[in-house]
Undergrad: 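Starting off with a structure, shown below.
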Amino acid sequence: IYTMRFLLEYKAFYQEGDIVLLEYWYNDMVVPVKIIEKISKSRFKVSYDVEGSDIRNAPDEVIKSSDILDKYKKNPS
């Protein structure tokens with residue numbers, strides 16, 4: 001129970017401006033998105049127009065915090 005509680009509380013730390021990873025519904029690609037608006041405690045409006053995204057022209061959409069896979073970590077080059 002403690003582990004699940006930690007995971008739920010950890011996901012509450014996403015804020016506007018964060019870049020996170022999620023799976024795109026249409027073709028199952030894992031893509032980075034930018035949180036542009038926090039609608040509620042567990043819902044966010046995201047934009048696909050970020051560096052590293054293969055689908056920059058996809059429309060903005062509202063997602064749940066459970067849809068977020070991880071924070072985006074830019075690959076050092």
Side-chain angles (χ1 to χ4, degrees):
I1 294 174
Y2 176 75
T3 304
M4 186 58 133
R5 183 183 212 173
F6 172 76
L7 291 174
L8 292 174
E9 289 176 2
Y10 180 76
K11 287 191 172 213
F13 289 106
Y14 297 120
Q15 302 295 327
E16 291 180 20
D18 287 351
I19 298 179
V20 296
L21 294 173
L22 59 92
E23 187 175 355
Y24 190 59
W25 61 272
Y26 181 70
N27 55 5
D28 298 328
M29 291 172 53
V30 175
V31 294
V33 296
K34 183 176 184 176
I35 297 174
I36 55 176
E37 183 180 347
K38 188 171 184 178
I39 296 172
S40 70
K41 187 175 181 181
S42 62
R43 290 192 162 306
F44 304 96
K45 185 173 184 180
V46 296
S47 169
Y48 290 91
D49 190 17
V50 295
E51 183 180 337
S53 176
D54 293 332
I55 49 174
R56 295 181 81 147
N57 60 344
D60 296 349
E61 70 176 310
V62 175
I63 63 164
K64 298 180 288 187
S65 60
S66 60
D67 296 332
I68 298 173
L69 301 175
D70 197 5
K71 283 206 172 191
Y72 179 62
K73 298 168 187 84
K74 194 172 183 179
N75 207 1
S77 43

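In this text the structure is predicted, and so the values were computed from the model without any measurement.
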Undergrad: Would you say Ile35 and Gln15 make side-chain contact, with heavy atoms under 4.5 Å?
TA: no
Undergrad: Would you compute the distance between atom CD1 of Ile55 and atom OH of Tyr24 and round it to the nearest 0.5 angstrom?
TA: 5.0 Å
Undergrad: Within the structure provided, determine whether Tyr72 and Lys34 are in side-chain contact (heavy-atom separation under 4.5 Å).
TA: no
Undergrad: Can you tell me how far CG of Leu21 sits from NZ of Lys71, rounded to the nearest 0.5 angstrom?
TA: 11.5 Å
Undergrad: Given the rule that I, L, V, M, F, W and Y join up when any side-chain heavy atoms are under 4.5 Å apart, are Ile39 and Tyr14 in one cluster?
TA: no
Undergrad: Determine the minimum heavy-atom distance between Tyr48 and Ala58, stating which atoms define it.
TA: CD1-CB, 3.7 Å
Undergrad: Linking I/L/V/M/F/W/Y whenever any side-chain heavy atoms sit under 4.5 Å apart, do Leu69 and Ile19 land together?
TA: yes
Undergrad: Rounded to the nearest 0.5 Å, how far does CE of Met29 lie from CG of Asp54?
TA: 4.0 Å
Undergrad: Is there side-chain contact between Phe44 and Lys38, with at least one heavy-atom pair below 4.5 Å?
TA: yes
Undergrad: Within a strict 4.5 Å, meaning less than it, do heavy atoms of the Val33 and Val20 side chains meet?
TA: yes
Undergrad: Tell me the closest heavy-atom pair linking Ser47 and Ile36, and the distance in Å.
TA: CB-CG2, 3.9 Å
Undergrad: To the closest 0.5 Å, what do you measure between CG (Leu22) and OG (Ser65)?
TA: 12.0 Å
